[in-house]
Structures are given as C-alpha cells and as structure tokens.
Amino acid sequence: MLIINCPYCGPRPELEFSYAGQAHVARPADPSATGDDEWTAYLYLRTNTRGVHAERWRHARGCARFFNALRDTTTDRFRRDLSER
Amino acid sequence: MTGQRTTRGGRIDRTRPVSFTFDGRGYQGFAGDTLASALLAHGVRLFGRSFKYHRPRGLLAAGTEEPNALVTVSRDAARRTPNVQATQVEIYEGLVAESQNRWPGLGFDLNAVNSFLSPLLTSGFYYKTFMWPRFAWHRWYEPVIRAAAGPAHAPRLPDPDRYAQRFAHCDVLVIGAGPAGLAAALAAAATGARVILCDEQAEPGGSLLDEPAGTINERPAALWIDEALVKLGAQPNVTLLRRTTAFGYFPHNMVGLVECLTDHLATPAAAAPRERIWQVRAREVVLATGAIERPLVFPGNDRPGVMLASAARSYLHRFGVRVGSRIAVLAGCDEAYAAALDLHEAGPVSPSWPTSAMRRWARARRRHGLLVCRSLNAPPCWPRPVGGESAA
Amino acid sequence: MADATIRRIVGLPTAAWLESPLPATRFILRGAPGARAAAGEGFGLSLPETACRAATDGNRAALWLGPDEQLLLAPDGEVEPIAASLARALQGHAYSLVDVSHRQVGIGIHGPRAEWLLESQCPLPLNLRDFPVGMCTRTVFGKAEIVVWRPAEQVFRLEVWRSFATYVAELLREVDRESIA
Amino acid sequence: MQKYSAWALLREAFGGQRGWQSQWRRASPAPEYDAIIIGGGGHGLAAAYYLAAEHGITRTAVLEKSWIGGGSTGRNTTIVRSNYLFDESARLYDHALDLWQDLAQVLNYNVMYSPRGVMMLAHGVHDVQVLKRHVHANRCNGVTNEWLSPEEAKAFCPPLNIEPNIRYPVLGAALQRRGGTARHDAVAWGYARAADALGVDIVENCEVTGIRRDASGAVAAVETSRGLIKSRRIGVSAAGFSSVVIGLAGVRLPIESFPLQALVSEPVKPVVPCVVMSGSIHAYISQSDKGELVIGAGTDAYTSYTQRGALHVNSHTLAAICELFPTLRRMRMLRNWAGTVDVTTDRSPIIGKTPVPGLYVNCGWGTGGFKATPGAGHLLAWTMAHDEPHPIVAPFNIERFRDGRLIDEAAAAAVAH
C-alpha cells in the first residue's frame, strides 16, 4: 500500500485514493475537427512510462480532489517535492 | 542419535510437566518445550517421511528452518492444522499431533517402495513421459500423481476460529528480538521513537537463548535479555510482539506480520482470535533476523540423526535435551567448536567416528584436496586435520 | 427522526464505549473561500480554513473535509432555521448546501481504548501526535468510507453513510471482542 | 531431438542417467536471422517453434533479456479456458484450446494440460445474467460452456460454500469442462526444446535496447546487450514490457502495465478438483499437481513495472477465498509474487502487423495470456511468415482502436483490470 502525498491533506495511505491515469492528457479543443488518429491518441494511447511517470490521483476517500504526481514506475517512489494541485 | 533429557539447565520449567500425544502415543514434556524438543527428549528420532521417496526423516533444526519434521496438530475435528513444523509447536496439556505422508505408519511406510523406483523418478521425470495415449494424462496418470503429492490433508470441516487484523504505525520496526534486535529496539526507544519489536519465538532473545555462557557488556546473556525486556517493557512507546512472524515486505515500508495468539494455549478463550495480521507502516525497518546454519552436503545428510550443530546447541541450552550420546561434530563454521565443547560438557562425547558413508565422503573430498576434520573425544574437543593435512 | 427509530432501522449494536446513533442536523456546504467566510457568519461559527481540522462553538461544529467542502453539524431538528440563516448569509455567492441529516449516522467512540479500536481497520495513524485533538478527515474503516473527528483525547466521532453504519458498528464490536479474549 | 518416453526413462534408469542431452543449446547470437522474436516467454518460444515447424523459417532467434519463462509465463496461475463472449474471441481462444489438446504429443514434452473444468461463480443477479449470456454466446459459437445451479456447482467442487447467507453467496456458475490448467514451466521448456531441435537459437541474457530501421522505414536490426543483430522480420512478444520494446521503434500502443499478484499455499492432498473463478470479487483458485493451492488476486490500481504489489490486494482476495472455502482458512500461504500485465482498453489482445514494416506485435493479453500460449504463438508465426494477419487475428489489430471496432471482453477477463 503506497503512501501518497495529497497536496491538501499530506501523506496518506493508498486505500484512500483512486488512480486516475496519465496526467496532462488534454482533450482536443474541437473534437469535430479532430482527425481519427489524434482522437485515438487522446482516447487510448498512453506513454506507459518505465521510469518517472506523470500521473493523476484522486484523494477520493479523503478531500476528494484530483492532483498530479510524479512516480518512478520502476521503484514506485514518488517525487514528493513535485506533486501539485 | 538418541536424545535424552539432561538433569538440569535449559529454559524449560521442570516443575510443570505437560502431557501430549504423537501418533496416538502419550508423552510428557515440560512447559517451554516444543513438540520437537519434547519428543527428542524421549528418544524419538523419526519425525516424518520425505515428499517423493518416503525416506525416513528426523530433526535437522531447532527452529523455523526445520524442513523435515512437519506434523498435523489438531485441537478438534474442525481445528486440524496441517504441515506445522514440530520445532515451532509449543506443547500444551492435551496437544494432539500426528506425523504425515506415511501409510500405514511412520515407522513402516509402504510408500517407501518409491525409493526403489528412484532411478525412474528423477527430477522432471513427469515431463518426459505419461504422454500416451493422449487422454491418459488427465484420466489415469495425473490422479495417481496428485494423490501421491501433498504431504498432508487440508481440514475437512469449516474453520470455526476467529482471526483479527489491524493497522499499526511506528517510527522503527525491528524484526527479530535476538541480541541485535533487542539492542536496536533499546537504542531506538531511547530517542523517544515509537518502536515495534517482533519475534517469531515465544521468548525473545534469539541466539542468546542458545548461549547461556555468553556475555554482553560483561553481563551474562540471560540477565542482559531480562534487563533489556524490563527496560523495553517500561516504555510506553515500545510494543513487543511475541510469536509474531514478519511474512512480507511491501512497498513504502509496509510490513505484514502474523501474530499467533492461541495455538500455544491448552484452553483458549472462545472469543479469542487465533491469529492477528498486522499491517505495519514503519518509517524505518530494522531486519535483525539473525542467521541460520547451512547444512553440509554429503550423501545421507537427510537421514534421521544428522542435525545442524547450532540446533544441537539449541536443544541442549534452551530445552535441556542432549541430542545423542554418541555425537560426531562436522560443521562448516566456527560454530563447530562451540557445539563440540558444549555437547562434550553436557556429558562426555563418546569416541565417535563418521559412519561409513561419511568416511567414504571424507576420502573423496580429500582426493579433491579439501580439508577434512573430525571431532575427537579427548578434551579439549578440538578438531584437527585428518591424515596429517595442514589446516593452513 | 426519533432516536429509537434510527436504532431499529440500522440495528446498531450497543456497548459502553459506543454511543450511537448520534442524531444531528447535518449539512454539506461546498463553495469557494468567499462562500466559506460568509457561511461562517450564517452558521455562527467561523468555518475552519486549515485542512483536516474542525471548528466548534457550543453545540455546533464545522469539519473541513476538502478545500471546498465542509460538514456542518448542529443539534437534531435545526434544519430549517440553519438552512434559512445560511441562505441569507450566502446570498450572492456560488455555493451548494445539502441537508444530509438522514444520509449518515453518527457513531461516538470513547474511552482509553478508542484509538486502539479504530486503528484496527483504519489505515491512518490515530495517535495524538499524528491525529491531534480537533483533527477530522474522511477516510476508510474496513471497506466503508467514514468521516472521523477527534473532539477530545479519548473521544472519536464517526459519520458513516446510513447503509454502512451497521457494518462499521458491528466491525467495531468484533474488534472489541479481541480485547475481551 | 532426443525422444522422451517411458522407454527412454527406463533406459536411463539403467544407464545411470548419463544419456540425457540438454534440452536446448545455450546459443550465442548470430549476426543475422530471417526472423527474430523478442521475448522468451511461452508466447515467443511458441512463435519461434511454429515459424520453424510450419513455415520453414528455421534461421530464427528468440532474444530473452533474462531467462526463458521467467516473466509472465513463470508468474501466472496456469489457467486454460476459452469462454470469452464475442465471436472474434471465441475463435481466437478456442483455436488455442484446440492446440492444447495434443500439445504434449506434438512437442514430445508433457505440458500437463489437464482439462479439469473451469467454473466461474455468479454472486448476484447481474453476475447470473452476464454469465448466462456468456454460456449462450459460447454455445452459439460452438464453444463448450454450461450453466450450473449452486447445488450442481457444489457437486462439481465439494469444498465450495453455497450457503445463501454468506457475504458472496453462490447463485450459480458457468462451467467450461474443457478448460483447466497446464504446467507453465513445461510449456516454455517444451517449446524451447522443440524449437531448438529445429535450429532456432534461444539467446538468454540478451536485452534488446534499440530497433533499427532502414531508409524505407522498415526494420533492419536490433541493438542488444549482446551486440547488433540484423533481421528484416521482428516479432515482439514481451508481455508486461510491450510498450517499452515497441516504443524502441517509435510505435505507441494503447496499453498500460499493471502489477498482478498471485499466491500459493503449502501443498496438501487433492481438495480443490477444478478451477474456480470469481470475477466480481477478484479471486480464483485451483490446485497444482504438487498439491499447492494456486490463488490469483486482482491487479494493483496503478501502472508499475516493479513486479510487486500491495498486501491489501492479496488480503481482499484471501478474505473472499476464506468465505467461499471455509475449510481452507487454516491453510497457510507459502509464496506470493507479482508479474506485470499489459492491459488494453478493451481487455482483448493485439496481434498482428504494426505501422512499421517487418515489425509484428503480440501483446495486451492482460491477466489472461497463458491460456492462449499455443494459439498466440501459432498465429503470430503465421502472420510473420505471410506478412499479413491470419484471419483469426485480423480483428485484433492495432487499428481497431482508431476504427472503433473494440472487442470488449472486460466481463470475461475474470479480474477487473
């Protein structure tokens, strides 16, 4: 069970969180003008990084807020200094 | 090797005899005995049968590293626990234990016929055959192999016991309450840190329990343990968990512990949970798990009568049991000297010679240029090279 | 709703250290910091700005649950006056105010073993250093989501959604049985 | 290849066991191959075997970064079944199941395929509806599957608790009798031995660090920890690390990698006769021939390559197992481990060509790749040999995500991942 640093509540146990996948996946501004490949990339393609991964968590059973964090997927260690609201 | 109880010594309580049964036969031990030590004291040498060839098996160790002496312990029809190490079972009044993986009995096991088939049953033999006809693996061969495998029976009735779980948080988790673990816990607790100290044994002390003559800071080992426990017990920031095994080290310093609460009691309270799982989150984890002796490799090293030298000391000093009257000491580390001396002091070590198999092994090793030592009967019981070879 | 009725519906167990259900008037207030300040005036108690802290005044309490979410607690039966007063104070602010009085059940745990009872199934450290008096948060107990608040050293108050209340209370009692043994 | 049989065993018994040959050579990589498979798990070794055996492409190498069968092949719970919902899946998984039937004879290696039945439990009305739908859909596709009442389920698996008042009551079960288990190591070793006998080089401790492409964009070579190896035909079968390997060629996959844990108990005499799975509570159990109870847990919530997971995931699974099998509560777990699983959005695999000419992929099997080992290898080999997708795997292309032709098997995956 990971310890995850919620930027609002501080370090808390993983049981309180929901994982929300890769961070910074932006929805195309105008879907109707977006080509199939770009739309597919938005919906399905993920970096699946082996290394430092920018990801989103939601403190679902805590303050309920989403936030971003950096975690090394080869060690599961968070870069605590860099989690942001 | 036929064990016997010494007249004094050991950490057992000789004023409190405890009766139990093994394979239906009644025995008596003392409070503080394990099933292994109590049976050994009665001269029992045969504790089990090997997995494949059903060869006879005795005690190799005195602790949790015991590979042979697996037994089934039952409190009642629903509370049968298979595959328990006899070295880890604390005896209580009325304990019922049975040997496993034998038919009709431990002494005479018809399955030992497998031993004669050993040239056929080489490792991985099942990958090389049983392929014809196509359907036969699942219908014919596999059921026979499955029935033969598995050393014990799973319980047949629903388990009526309760089990508990809890989370815990600490600054320092110390795993193992031997000399290193106790020292680490004392040092951490002195700083005001919250400390959890756990040990799989009923009694903290670890290897010191096998070293009554040892000293720490010029204090006798037993006294040092007692003082350490008093000091730790007086501090509210310390939790000492006995009979508690750390079983897994999970991400971010989460350690799983299992605490045995009632298996050592003759009459546990009805509401008492049998075990408690602890999910401990520790800022720092100290692994003070000690060392276990590696067995030496020679033909027949798995037969009853061959035991780790450290185990022989443990039986002597913790349980007041001499593991035999004629003892050959053969070890790969300096533990051999201490073991030989201790065992000798507990009653003269008879002139002991390696068995013919060991002699053959020793000759073969010498041909390869390895140093071979044997224990001698004359005190000081100091090994010296065989055949004039130099120890240098 | 009368106390006895709630007890019958959720079938909560009772114990000397367990007080439940704790009837109350409950509101969830959501809104920006401006709304929080205004609501404080309407509620008669300045709402906590520090994360995971509760503010109390007399028999009213406000619990910080999130940066834009507060749980307001008041004695049973005060829904209408509080709602009206908050509506007046919050005029002009963007906010949401939901009466959750009957959505959840209050469970009080007190005594020297309260911390030990809760730590069995709650993954948070609840010792006084990590969870001081006045701290509150949403978290989990076993499989259930709860709000836990420590109003005094040996007193915890849980707010549990109604359908989980029996589960939480029974689980607490199960843990209690460990200590009897 | 030395023939394995009862007779060979007997001969060696009298000959002092000196006549056994090593099962495969420890090959060093040659400078060039007609085909390279990246990943020496069951899938990759099977692909190499079928390339050599059925397509005559014997100048093939399998490049494995550690030891063969040490990844997901050695970490799974060995379940074989084909009770998936959609037509495309039915063909894919039943193709594999057909190959399992006589795999031991084909490879001359006893892979211990044991059709002991796979039972999937329904704990609620929704489960009942979903599983009955599966039974009907399977039967329409000629895939064996049948519906059992709770009493029939208990008759098939006696230790199962079907009391109505438990936390996860059993309301019925779908049973695929043809499903079962196989011995995972034997599958990898059997394919390795058979492929080696046909001339395939199995190169262990050889990590691929780059994929080179020529001016036309087609693959030309792989850079490895053991040097550059040329080939114009490269198949990637690197479960868990598919994104990483295929990313070396600049291709992105709709895949995320999660930890998946499993456990085995101490060995006991036969007590669980079949495979029992419960998709809605993330638990499944079977018993190995050695007597260990083999238990699969759920995936952890987050992507990770660490091959380890959290205790609470196992605890959840074991709590469910103890509820369903109350006689097993006193059993103790001996080992616990995790693997890394590639998960696609629709929980179906990707097999076929990639946008890079000469580069083929077999990935995205999620938690259920073992069952498909012979089929996936067979179909990847066909696809690589013909440079066009085999008709069975054609729907499982990468483009299905762009084209909106997803094959959503989440309900059949048995673990919510």
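If you're wondering where the values come from, they're calculated on a predicted model, not measured in any experiment. Within every chain, numbering begins at 1; the chains are lettered A, B, ... in the order of the sequence lines, protein sequences first and strands thereafter.
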Student: What residues of residues 4-11 of chain D make heavy-atom contacts with chain B at a cutoff under 4.5 angstrom?
Tutor: D/Y4, D/S5, D/A6, D/L9, D/L10
Student: Counting heavy-atom pairs under 4.5 Å to chain B, which of D/A310, D/G180, D/S265, D/P326 comes out on top?
Tutor: D/P326
Student: In terms of relative ring orientation, are D/W189 and B/Y127 parallel, tilted or perpendicular, with 30° and 60° separating the classes?
Tutor: perpendicular
Student: Over all heavy atoms of both residues, which pair between D/P267 and B/P151 is shortest? Give the atoms and the distance, please.
Tutor: O-CD, 3.3 Å
Student: Considering non-hydrogen atoms only, spot the tightest contact between D/L328 and B/A154 and give its length.
Tutor: CD2-CB, 4.3 Å
Student: Provide the closest heavy-atom pair for D/G309 versus B/F250 in the form atom of the first, atom of the second, distance.
Tutor: O-CD2, 3.3 Å
Student: Where on B/Y141 is there a heavy atom nearer than 4.5 Å to chain D: the side chain, the backbone, both, or neither?
Tutor: neither
Student: Identify the residue among D/K290, D/K269, D/R116 that makes a side-chain contact (heavy atoms from CB on, under 4.5 Å) with B/R146.
Tutor: D/R116
Student: Would you say D/N336's side chain and B/G248's backbone share a donor-acceptor pair under 3.5 angstrom?
Tutor: no
Student: Should we say atom CZ of D/R332 is surrounded by more than 12 heavy atoms from elsewhere, each under 6.0 Å from it?
Tutor: yes
Student: Relative to chain D, which segment of B/N101 carries a heavy atom at a distance below 4.5 Å: side chain, backbone, both, or neither?
Tutor: side chain
Student: What closest approach, in Å, do D/L311 and B/G256 show between heavy atoms, and which atom pair accounts for it?
Tutor: CD2-CA, 3.9 Å
Student: Any chance you could measure B/L120, atom CG, to D/F14, atom CZ, to the nearest 0.5 Å?
Tutor: 7.5 Å
Student: Given that the side chain runs from C-beta out, which part of B/L157 has a heavy atom under 4.5 Å from chain D: side chain, backbone, both or neither?
Tutor: backbone
Student: Could you tell me which portion of B/Y249 (side chain, backbone, both or neither) has an atom closer than 4.5 angstrom to a non-hydrogen atom of chain D?
Tutor: backbone
Student: Say whether, by atom type as modelled, one donor and one acceptor occur between the side chain of D/Q105 and the main chain of B/M131 under 3.5 angstrom.
Tutor: yes
Student: Does any heavy atom of chain B fall under 4.5 Å from the side chain of D/Y113, the backbone, both, or neither of them?
Tutor: backbone
Student: With rounding to the nearest 0.5 Å, note down the distance linking OG1 in D/T181 to NE2 in B/H138.
Tutor: 8.5 Å
Student: Of the listed residues (D/M331, D/M333, D/Q17), which shares the most heavy-atom pairs with chain B below a 4.5 Å separation?
Tutor: D/Q17
Student: For B/R139, is it the side chain, the backbone, both, or neither that has a heavy atom closer than 4.5 Å to a heavy atom of chain D?
Tutor: neither
Student: Relative to chain D, which segment of B/V84 carries a heavy atom at a distance below 4.5 Å: side chain, backbone, both, or neither?
Tutor: both
Student: Let's test your reading of the structure: which of D/S288, D/G291, D/P159, D/S315 forms the most heavy-atom pairs below 4.5 Å with chain B?
Tutor: D/S288
Student: At a heavy-atom separation under 4.5 Å, does B/F135 approach chain D through its side chain, its backbone, both, or neither?
Tutor: neither
Student: So, does D/R329 use its side chain to make a donor-acceptor pair with the main chain of B/D161 at under 3.5 Å?
Tutor: yes
Student: Measure the spacing between CG of D/N110 and OH of B/Y126 and express it to the nearest 0.5 Å.
Tutor: 10.5 Å
Student: Measuring heavy-atom distances to chain B, does D/V313 have an atom under 4.5 Å in its side chain, in its backbone, in both, or in neither?
Tutor: neither
Student: In terms of heavy-atom proximity below 4.5 Å to chain B, should D/N314 be classed as side chain, backbone, both, or neither?
Tutor: side chain
Student: Report which part of D/E292 has an atom under 4.5 Å of a heavy atom belonging to chain B: side chain, backbone, both, or neither.
Tutor: neither
Student: Go through the atoms of B/R134 and report whether side chain, backbone, both or neither lie under 4.5 Å from a heavy atom of chain D.
Tutor: both
Student: Taking 4.0 angstrom as the limit, do D/E12 and B/K128 come out as a salt bridge?
Tutor: no
Student: Determine, step by step, whether D/D289 and B/E142 satisfy the side chain to side chain contact (heavy atoms under 4.5 Å, CB included) criterion, reporting the C-alpha distance in whole Å, the side-chain angles of both residues, the deciding distance to 0.1 Å, and the verdict.
Tutor: CA-CA 7 Å; D/D289 286 342; B/E142 194 184 26; 2.5 Å; yes
Student: Who are the side chain to side chain donor-acceptor pair (under 3.5 Å) partners of B/T81, not counting sequence neighbours?
Tutor: D/R330
Student: So with a 6.0 Å cut-off around CH2 of B/W103, is the heavy-atom count from everything else above 12?
Tutor: no
